[in-house]
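Note that this is a predicted model, so its numbers are computed, not measured.
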Amino acid sequence: MSVACGSPSGETCTLDSDCASGFCKADGTCGPAPVDAKPESDGDVDGMIGLCNPNHDGMITLAELPFMAGRMGTFRVTTDVTWDTAGVSGANGSRTWDLSGALAGDADRMMMLGAPTAQWWSADYPTATYATELSIESDLKGVFKVTGAESTLQAVVSPAGGTYKTELDYDQPAQILKLPLTAGATWTSTSTVSGYAQGVIAAYTEKYESRVDQVGTMKTPYGEFPVLRVATDLTRTSGFTTLLTKRTFSWVAECFGPVATAASQDFATGAEFTDNAEIRRLAP
């Protein structure tokens, strides 16, 4: 997640290196600087320090992802809308997706990767890197751990503890991203999920199957980005009963992380979908 803050207007560019922000937009002008790509201390994840500059080498490493507590950004979000995740195919096999325009129900929302300390659940997840909201229609947060090799989901928690708390522990943590990201990469994880959901004991299994299935360009209200698209299929089961299936696409850019996401309706079928439960994209 990244921040879109202002930079001097009127600067023209051809390459990212022409801009102090490290971001040359598709219209040939310098974009805002992703100021949250610079950690506040040298003790942050894996020593990631300094301003991130995209090198467009087709690989996204941890050093090119702003995954640490304190990062924030403005995202334009909406739910229950029609938009085709397939995009448009180019002559070279890459694809272009356009989320720069308005969608019904759009609202701008500031999103933050919150600190995993001084929370009611902190003692249970001492190795967590950050916590952030999972859906704009729920106040539940995912507790994530990030290393140079992966980003994993350790737990889902409610804002407050107490009688009606939610604290669902993932054993084994769900592998959300396998790093570095490269075209064609695949990974799978299966987690036993147990704990409390709104104060009620809960237990089930979640399987995440992910792959970097497309390479191309994503257009957002913030600007146009070269991206790798990560497709993730979630299957939740209890015994032999399937409780939920859902597909999520995440368009990931160097230095900015996921610049757009689209989640299907529950139990959607097909490789692509047009009925979206939720869409987010980076906004100025």
Side-chain angles (χ1 to χ4, degrees), residues 67 79-80 85 113-114 116 119-147 149-179 181 184-213 229-250 252 258 261-273 275-278 280:
F67 285 170
T79 59
D80 196 21
T85 61
L113 306 187
Q119 306 295 328
W120 67 266
W121 45 263
S122 295
D124 294 331
Y125 305 100
T127 64
T129 304
Y130 65 83
T132 191
E133 64 182 58
L134 297 174
S135 169
I136 64 175
E137 295 188 308
S138 169
D139 61 0
L140 296 179
K141 295 182 182 294
V143 179
F144 292 86
K145 178 181 179 180
V146 181
T147 70
E150 62 184 0
S151 171
T152 59
L153 174 64
Q154 295 185 307
V156 173
V157 298
S158 54
T163 303
Y164 300 105
K165 71 179 181 181
T166 291
E167 184 177 17
L168 295 167
D169 179 75
Y170 281 64
D171 181 25
Q172 174 88 24
Q175 190 176 40
I176 305 304
L177 291 178
K178 181 180 179 181
L179 302 174
L181 287 178
T186 63
W187 59 96
T188 300
S189 66
T190 301
S191 305
T192 299
V193 184
S194 61
Y196 294 90
Q198 296 182 319
V200 178
I201 294 175
Y204 48 85
T205 299
E206 286 191 349
K207 183 176 183 180
Y208 288 79
E209 298 175 279
S210 301
R211 62 209 168 276
V212 181
D213 70 335
R229 188 178 78 167
V230 179
T232 298
D233 291 321
L234 165 64
T235 303
R236 182 180 298 160
T237 58
S238 178
F240 295 104
T241 302
T242 299
L243 304 177
L244 172 72
T245 64
K246 183 180 283 288
R247 171 164 292 179
T248 301
F249 290 122
S250 182
V252 186
T261 60
S264 75
Q265 302 286 344
D266 295 350
F267 299 102
T269 59
E272 306 285 348
F273 51 86
D275 294 329
N276 296 269
E278 179 177 308
R280 307 184 191 190

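Taking each heavy atom of Thr261 and Pro258 in turn, the nearest pair found is CG2-CB, 4.4 Å.
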- Decide side-chain hydrogen bond (donor to acceptor under 3.5 Å, both in side chains) for Asp80 and Gln265; before the verdict, give the C-alpha distance in whole Å, the side-chain angles of both, and the deciding distance to 0.1 Å. CA-CA 8 Å; Asp80 196 21; Gln265 302 286 344; 3.2 Å; yes
- Message: Quick one, Glu206 with Thr235, criterion side-chain contact (heavy atoms from CB on, under 4.5 Å). Give me CA distance, side-chain angles, the key distance, then yes/no.
- Response: CA-CA 6 Å; Glu206 286 191 349; Thr235 303; over 6 Å; no
- Evaluate side-chain contact (heavy atoms from CB on, under 4.5 Å) for Val157 paired with Thr166, printing each intermediate quantity in order. CA-CA 5 Å; Val157 298; Thr166 291; 5.9 Å; no
- Task: Apply side-chain contact (heavy atoms from CB on, under 4.5 Å) to Lys145 and Leu153, showing your working.
- Result: CA-CA 7 Å; Lys145 178 181 179 180; Leu153 174 64; over 6 Å; no
- Task: Quick one: do Tyr204 and Leu244 satisfy side-chain contact (heavy atoms from CB on, under 4.5 Å)? Show the steps, please.
- Result: CA-CA 11 Å; Tyr204 48 85; Leu244 172 72; over 6 Å; no
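Taking the six-membered ring where tryptophan is involved, the planes of Tyr130 and Phe67 are tilted, since the angle between them lies from 30° to 60°. Relative ring orientation between Tyr208 and Tyr170 is described as tilted, the plane-to-plane angle lying within the 30° to 60° band.
The CG atom of Asp124 sits 8.0 Å away from the CG atom of Asp169 when rounded to the nearest 0.5 Å. A distance of 10.0 Å separates CG of Leu234 from CD of Glu209, quoted to the nearest 0.5 Å. Distance CD/Gln198 to CD/Glu167: 14.5 Å, rounded to 0.5 Å.
The main-chain N or O of Pro116 is found under 3.5 Å from a side-chain atom of Ser122 such that the two form a donor-acceptor pair. In terms of modelled atom types and a separation under 3.5 Å, the side chain of Ser135 and the main chain of Glu137 share a donor-acceptor contact. No side-chain donor-acceptor contact under 3.5 Å links Trp121 to the backbone of Ser158. Side-chain atoms of Thr132 do not come within 3.5 Å of backbone N or O of Leu113 as any donor-acceptor pair. Judged by distance alone, the side chain of Thr129 and the main-chain N or O of Val146 form a donor-acceptor pair under 3.5 Å. In this structure, the side chain of Thr152 does not engage the main chain of Gln154 through any donor-acceptor pair within 3.5 Å.
A salt bridge does not link Asp266 with Arg236: every distance from a Lys NZ or Arg NE/NH1/NH2 to an Asp or Glu carboxylate oxygen is 4.0 Å or more. A salt bridge links Glu272 to Arg229: one of the charged nitrogens lies within less than 4.0 Å of a carboxylate oxygen. Using a cutoff of 4.0 Å between basic side-chain nitrogens and carboxylate oxygens, Arg280 and Glu278 are scored as salt-bridged.
Counting heavy atoms from C-beta on, the side chains of Val200 and Tyr164 never come closer than 4.5 Å. Residues Leu181 and Val230 form a side-chain contact, since some pair of their non-hydrogen atoms from C-beta on lies under 4.5 Å apart. Looking only at side-chain heavy atoms (C-beta outward), Thr188 and Lys207 come within less than 4.5 Å of each other. Residues Arg247 and Phe273 meet the side-chain proximity criterion, which asks for heavy atoms closer than 4.5 Å. Contact annotation: the side chain of Tyr196 never approaches that of Leu168 to less than 4.5 Å [non-hydrogen atoms, C-beta and beyond]. Within the 4.5 Å cutoff, the side chain of Thr79 has heavy atoms near those of the Ile136 side chain. Contact annotation: the side chain of Trp120 approaches that of Lys165 to within less than 4.5 Å [non-hydrogen atoms, C-beta and beyond]. Two residues are said to be in side-chain contact when any heavy atoms from C-beta on lie closer than 4.5 Å; Asp233 and Thr245 fail this criterion.
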